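First the proteins, then the strands, lettered A, B, ... as listed; each starts at 1. None of these values were measured; they are calculated from a predicted model.
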Amino acid sequence: MKIATFNINGIKARAQALPDWLDAFQPDVVLLQEIKSVDEGFPRELFEERGYNVEVHGQKSFNGVGILSKLPLEDVTRGLPGDDTDEQARWIEATVVGEREALRICGLYLPNGNPVPGLKYDYKLAWMARMQKRAEALLAEEMPFLMAGDYNIIPQSEDAARPDAWREDALFRMESREAYRRILNLGLTEAFRARDPRPGQYSFWDYQAGAWNRNDGIRIDHFLMSAAVADMMTDAGIDRDVRGLEKPSDHVPVWVELAA
DNA sequence: ATGTCGCGTCGTACGCGA
């Protein structure tokens with residue numbers, strides 16, 4: 001089973017590129033971020049005609065997450081628990097029913113958090129604390145799960161072309177990375193890094209200043225897996241070439257292959 | 001440090017009903 005995460009930076013702007021990528025890559029499950037659309041505006045037929053079940057948690061203009069799945073999706077929930085006043089659409093969960101296993105899949109668009117300091121940064125850290133609670137709850141249920149999406153976290157220096165430029169940024173400053181590591185340290189495995197130790201493997205290149213042409217990127221899209229899922233992983237990677245295609249998102253897909 | 005992009009709103013062009 002191939003599962004991918006892809007921050008598409010607007011579904012309307014990616015109405016050509018996303019289906020093209022699905023046809024080429026043939027993932028079984030895709031977690032989408034930044035659909036930038038309300039649920040009613042999401043072109044679900046583009047995906048249903050390709051055999052995907054579609055679940056979205058949208059919002060006008062900003063944010064918005066979704067799941068495309070060739071396998072049945074059950075028990076879909078929307079929104080990250082822990083704050084009833086949070087109106088930002090950044091979290092969706094579903095159970096994917098495979099032939100042998102049922103797998104809880106969490107799709108997330110973690111807040112950017114800039115500028116630092118400020119309310120947006122406070123929101124990022126509070127959101128990460130809520131996410132940690134959710135991971136703890138799933139571990140307590142002994143539910144095999146993965147949490148994948150745009151984490152807006154650069155885990156290590158080798159995950160940025162110019163780490164010094166990011167040192168005080170909300171994506172890389174120590175307080176952010178510590179919050180990320182607290183989640184990892186619950187006993188989760190980060191798929192790409194477990195598979196590929198090479199530095200300089202990025203998932204995002206800014207549209208500005210020729211970042212793509214200079215390979216001035218950062219790795220901020222991640223898969224975190226519980227132990228049972230990590231044991232099922234047979235491969236993981238970043239579909240880097242997508243950034244060089246027509247009308248690309250500023251992110252590229254990150255994927256795992258599971259023997260499930 | 002900056003060589004961008006997507007979206008909503010508003011403005012404009014245009015189709016529609018009267």
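Between A/R214 and B/dT2, a side-chain N or O to OP1/OP2 separation shorter than 4.0 Å is absent. Between A/K12 and B/dC5 there is no side-chain N or O to OP1 or OP2 distance below 4.0 Å. For the pair A/K36 and B/dG8, the criterion of a side-chain N or O lying under 4.0 Å from OP1 or OP2 is not met.
Of the two residues contacting DNA chain B, namely A/Y207 and A/S61, the nearest-nucleotide position lying further toward the 5' end is that of A/Y207. Each of A/N9 and A/G210 has a nearest nucleotide on DNA chain B; the 5'-most of these lies closest to A/G210.
The NZ-C1' distance, from A/K247 to B/dC7, rounds to 11 Å in whole Å. As rounded to whole Å, 14 Å separates atom P of B/dG3 from atom CG of A/D216. The CZ atom of A/F42 sits 16 Å away from the C1' atom of B/dG6 (whole-angstrom rounding). Protein atom CG of A/D206 is 11 Å distant from nucleotide atom C1' of B/dG3, rounded to whole Å. In this structure, A/L32 atom CG and B/dG6 atom P are separated by 16 Å, rounded to whole Å. Atoms CG (A/N213) and P (B/dT2) sit 18 Å apart, rounded to a whole Å. Rounded to whole Å, the distance from CG on A/D250 to C1' on B/dG3 is 16 Å. A/W166 has its CH2 atom 12 Å from the P atom of B/dA1, to the nearest Å.
Listed nucleotides B/dT9, B/dG6, B/dT2 differ in distance to A/K60; the shortest reach to its side chain belongs to B/dT9.
Listed by chain and residue number, nothing satisfies the salt bridge (charged side-chain N to carboxylate O under 4.0 Å, His left out) test with A/D169 (two or more places apart in sequence, or in another chain).
Below 30°, between 30° and 60°, or above 60°: for A/F6 and A/W21 the angle between ring planes is above 60°, a perpendicular geometry. In this structure, A/H222 and A/Y180 have tilted ring planes: the angle between them lies in the 30° to 60° band.
In this structure, the separation between CD1 on A/I105 and CD on A/E93 is 10.5 Å, given to the nearest 0.5 Å. Here CG of A/D159 is found 9.5 Å from CD1 of A/I218. Values are rounded to the nearest 0.5 Å.
Of all non-hydrogen atoms in A/A160 and A/Y202, the two that sit nearest each other are C-OH, 3.5 Å.
For DNA chain B, runs of at least 3 consecutive pairs of the Watson-Crick or G-U wobble type, with both hydrogen-bonding distances under 3.5 angstrom, are absent.
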Distance-only donor-acceptor pairs under 3.5 Å for side chains of residues 185-192 of chain A, two or more places apart:
from: A/N185; atom 1: ND2; to: A/R181; atom 2: O; distance (Å): 3.2
from: A/E190; atom 1: OE1; to: A/R219; atom 2: NH1; distance (Å): 3.2
from: A/E190; atom 1: OE1; to: A/R219; atom 2: NH2; distance (Å): 3.0
from: A/E190; atom 1: OE2; to: A/F192; atom 2: N; distance (Å): 3.0
from: A/E190; atom 1: OE2; to: A/R193; atom 2: N; distance (Å): 3.1
from: A/E190; atom 1: OE2; to: A/R219; atom 2: NH1; distance (Å): 3.4

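Backbone-only engagement by A/R14 is indicated by non-hydrogen atom pairs under 4.0 Å involving sugar-phosphate atoms exclusively.
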